[in-house]
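To start, the structure itself, in structure tokens.
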2 protein chains.
Amino acid sequence: MTQKADRDQIRRQNRSVVLQALRRKGPQARIDLGRVTQLSPATVTSITSDLIAEGLIAGVDDDAQREREKGARGRPRSLLTLDGSAARVLAVKLSVNTIEMALADYGGRLVGRDVASFDSATVTADGFGQILIDSLRGFIDGLGGPPPAIVALASQGVVDDSAGTVAWSPAFAVRHVEVVAPVARAFGVPCLLSNDTNMIAEALHRTDPARYGGTFAVLFVDYGVGMGLFVNNRLFVGETGAAAEIGHANHIPGGSLCRCGRRGCLEAYLGDYALLRHARGLDLQTPPSRLPVGRETIRELIAAARAGEDGALDAFNAGGTALGYAFARVIATLDPRRIVVTGAAADAYPLMEAAALAALEEALVTDLRGSVDIEAIPWEEDLILRGTVARALHALDTEVFSDTGYGSQKEASAN
Amino acid sequence: MTQKADRDQIRRQNRSVVLQALRRKGPQARIDLGRVTQLSPATVTSITSDLIAEGLIAGVDDDAQREREKGARGRPRSLLTLDGSAARVLAVKLSVNTIEMALADYGGRLVGRDVASFDSATVTADGFGQILIDSLRGFIDGLGGPPPAIVALASQGVVDDSAGTVAWSPAFAVRHVEVVAPVARAFGVPCLLSNDTNMIAEALHRTDPARYGGTFAVLFVDYGVGMGLFVNNRLFVGETGAAAEIGHANHIPGGSLCRCGRRGCLEAYLGDYALLRHARGLDLQTPPSRLPVGRETIRELIAAARAGEDGALDAFNAGGTALGYAFARVIATLDPRRIVVTGAAADAYPLMEAAALAALEEALVTDLRGSVDIEAIPWEEDLILRGTVARALHALDTEVFSDTGYGSQKEASAN
DNA sequence: CAACTTTTTTTCGGACGTCGAAAAAAATAA
DNA sequence: TTATTTTTTTCGACGTCCGAAAAAAAGTTG
């Protein structure tokens, strides 16, 4: 059953709608905000003057004239923009041995970034919290300025967002690593946790909501295989946060040996070690090395395939087939608008595409395929951290700054 | 981006919350409604007096005393209940050769039901609309009373709810059969369309929202294999309505021949014809007969397996394995709270359970399995139609009767 | 250059929905 | 009959949105 609604909720939602409009469409005059949000001019004035008083948005008076030199009559529009100095957000990406950190202001501009390292092999489940806090503290103190108003974490592997832990990840030898509680306690601000691949989906959605909206999936093909999922314009994480863990969904019962010890996982055909194992002609039951395959090695593999080397071509062919079956299963289950392939191995998508589409054809009745768009986009290392920043900012817009009287709270806590 | 909110929306939502509370918890006094909905007594009085004036709810003054004989002091609570005569809903289930119809009043009481037949083999894509309308008209006229305020359709196969058509279904030899538009036009009321298995999920959710809530999946194992999906307490149908078509998701690449012509579909291991083919020792590439396997034959198969007959046991074993892999893939993709197995073959779940759980163990790392509950519930033929009624009533509560001034609209259209 | 036109922004008053508090209603207990 | 208890209704205050009108800030025109 849905919840009751009250007056406060209206204002909260409309404040958040205005903030989101400014974030999505950039600096705008009040009249534009009215058109975008469907709010009346009177209401826009009321809300924006509150937001200005609270220091969340500000007028911008630079070269607005230049744009309007075309002899426009009437009172000139005065543009409003998010006030970068209103708050800062801290985005953190956890992977093997490294903690990547980025600090951004409320306007989305990067204030600074850095990488800290730790020892994935020896860290303990309750010891990592302190390491993380120390790294973040060092980073923030080094940059100076106000502390972050929210922290968003993205981790490889399986996260449990209700528990605030990383359940199982290549980044840790141990399981159930506490991350949210220590950070939230140390900084006294909200802390979000998500799977790294979901943050790719978030990044795409925030940059182009029309294209990457509704229900769509991101397949991340790299060291492993992950999936990020948007359902009805919202990040979908399932009951515990472990949804979209397609890498260890089974492709062929009893098939290739996977790093996780199971047989036939999608990752055992598409992960970097799997491609390499196949290309080298090793038995598919050969246990994968525990060490990550270097990026260089993968690039060489791609080059070899482009040069027409048989083993490499076979590997990408098998990977493409697995990918196509994965497409089919995702489509049959979720009926998405779009599937995006990215990750380090996405550069090799052209080598896999034919096999993937053939497998899709083989695996799925045409009527079910519907009008799903499948596209590969070149991999950018920064996409995950950018998505994490975007998620943190969105959380500020909708959860924190939507609260009426945020300004007075701020003053109160400053005393 | 979220939508703006305004005052009307508050009232709409709170009206709908009150109606839903009455539907879920039965007749209640205003003070109970206040507790359940979190609305103040003043607001409850205001909303309920509107709803009474509009004829949507009514006081009930029967044996309330008996319950309160325990010498309760104070003003006695006066119970309110949904007024059955406020409206009627028509639920329709389309399957091979038959149109099942049920008419219920606004309180959820069944007014009447009937089955009409048509010829699935010869009906045309644009000819079926008239057949459907005629059947519904005949049914309603036969019962007398006011016409339905909404019609909800459930169909076997793949529906396209944005187009309002049945894209592909065993119930029709042709594709893209128009159903929503003809019905909506003929009756001048909203018409909803859904896959039949989704209506099982809806029925479960409406009877026990605590148990069947959040994100959960229903696997329907019967003539074919279907899935119904709730995501975050809402029916999930994907972009076109074709989500959860897991029956034709691939289980084993290049595996058994399916009725759809593809190889290795889940249904080619779990559908009734698949079980039968396996039990009879036929080759797995034997084309399935086009005729549906009778319910009787399946019951005999179950009996044979219970009697320890090898072929039958093998068939259920293979089916169980396929089912377990399906569990694993659904869990990896959606991380649901619960998976429910039902359908005619669900009576055979005990015969398949061991193999299914073994396959699940084999296919999914334990950390991903999380705390998903898997349960089989005995199949009731009526579940689909009951879910369809529930969906129609819920649509009235939230979409139609939530509109303020519904009463005046009604009067206006009566003139 | 003063009056007019155009466009944006603000102000004002009305309407409406929720809420808390107080009053009213309807029963039992003393 | 009066007091007590519980439910329901009434009343007034408050907050929010909106439409209309006014104000502001430009360009245009004679």
Side-chain angles (χ1 to χ4, degrees), chain A residues 3-18 27-53 57-61 64-80 402-405 408, chain B residues 3-18 27-53 57-61 64-80 402-405 408:
Chain A
Q3 277 284 307
K4 71 150 185 179
D6 61 16
R7 219 179 33 244
D8 287 5
Q9 231 170 64
I10 293 192
R11 188 62 150 195
R12 244 199 310 278
Q13 177 152 347
N14 287 341
R15 279 169 63 101
S16 133
V17 161
V18 167
Q28 287 160 85
R30 289 169 181 77
I31 188 139
D32 301 317
L33 283 172
R35 254 189 289 274
V36 170
T37 62
Q38 309 270 36
L39 292 164
S40 74
T43 305
V44 172
T45 291
S46 164
I47 290 176
T48 52
S49 69
D50 281 3
L51 295 174
I52 290 170
I57 67 177
V60 45
D61 43 11
Q65 287 99 323
R66 206 183 314 161
E67 193 203 2
R68 321 196 57 267
E69 274 168 342
K70 290 179 284 186
R73 314 232 294 200
R75 179 172 175 173
R77 41 188 64 187
S78 75
L79 272 49
L80 298 171
S402 60
D403 254 26
T404 42
S408 49
Chain B
Q3 276 285 307
K4 72 152 185 176
D6 60 15
R7 221 180 29 247
D8 285 5
Q9 228 169 69
I10 292 194
R11 187 60 151 197
R12 244 199 309 277
Q13 177 152 346
N14 287 341
R15 280 168 63 100
S16 131
V17 162
V18 167
Q28 289 160 81
R30 290 170 181 77
I31 190 142
D32 301 317
L33 283 173
R35 256 189 289 274
V36 169
T37 62
Q38 309 269 37
L39 292 165
S40 74
T43 304
V44 172
T45 290
S46 164
I47 290 175
T48 52
S49 69
D50 281 4
L51 294 174
I52 290 171
I57 68 176
V60 44
D61 44 11
Q65 287 100 323
R66 206 181 317 162
E67 192 204 3
R68 320 197 58 265
E69 274 169 340
K70 290 179 286 186
R73 313 230 298 200
R75 178 171 175 174
R77 39 190 63 188
S78 74
L79 272 50
L80 298 171
S402 60
D403 254 27
T404 43
S408 50

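Not measured: the values here are computed from a predicted model. Order of the sequence lines sets the chain letters (A, B, ...), proteins ahead of strands, with each chain counted from 1.
Atom C1' of nucleotide D:dT8 and atom CD1 of B:Ile52 are separated by 11 Å, given to the nearest angstrom. Distance B:Leu33 CG to D:dT7 C1': 13 Å, rounded to the nearest Å. As rounded to whole Å, 11 Å separates atom P of C:dT9 from atom CD of A:Gln28. As a whole-Å value, the separation of B:Arg77 CZ from C:dA25 C1' is 16 Å. One can place CZ of A:Arg30 at 6 Å from P of C:dT9, the figure rounded to the nearest angstrom. Per the geometry, CZ belonging to A:Arg12 stands 17 Å off C1' belonging to D:dC17, to the nearest Å.
Here salt bridge (Lys or Arg N to Asp or Glu O under 4.0 Å) pairs that include residues 32-44 of chain B, with residues two or more places apart or in two chains, are B:Asp32-B:Arg35, B:Asp32-B:Arg77.
The structure places CD1 of B:Ile10 at 8.0 Å from CZ of A:Arg7, a figure rounded to the nearest 0.5 Å. Taking CD of A:Gln9 as the reference point, atom NZ of A:Lys4 lies at 8.5 Å (rounded to 0.5 Å). One finds the CD1 atom of B:Ile57 at 11.0 Å from the CG atom of B:Leu79 (value rounded to the nearest 0.5 Å).
Residues satisfying the side-chain contact (heavy atoms from CB on, under 4.5 Å) test with A:Ile47, not counting sequence neighbours, are A:Arg11, A:Asn14, A:Arg15, A:Val18, A:Leu39, A:Thr43, A:Leu51. The side-chain contact (heavy atoms from CB on, under 4.5 Å) search around B:Ser402 returns B:Arg12, B:Ser16, not counting sequence neighbours. Here B:Asp6 pairs with nothing under the salt bridge (Lys or Arg N to Asp or Glu O under 4.0 Å) rule; sequence neighbours left out.
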Report task. Given side chain to side chain contact (heavy atoms under 4.5 Å, CB included), test A:Thr404 with A:Asp50 step by step and report yes or no. Result -> CA-CA 9 Å; A:Thr404 42; A:Asp50 281 3; 5.9 Å; no
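Contact annotation: A:Thr45 reaches the phosphate of C:dT10 (side-chain N/O to OP1 or OP2, under 4.0 Å).
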Polar pairs (N or O, both sides) under 3.5 Å between protein and nucleotides 21-26 of chain D?
from	atom 1	to	atom 2	distance (Å)
D:dA25	N3	A:Arg75	N	3.2

Query - Per-nucleotide protein contact string for nucleotides 14-20 of chain C, where B marks a base within reach and S marks sugar-phosphate only (heavy atoms under 4.0 Å, - for neither) - result: -BBBBBB
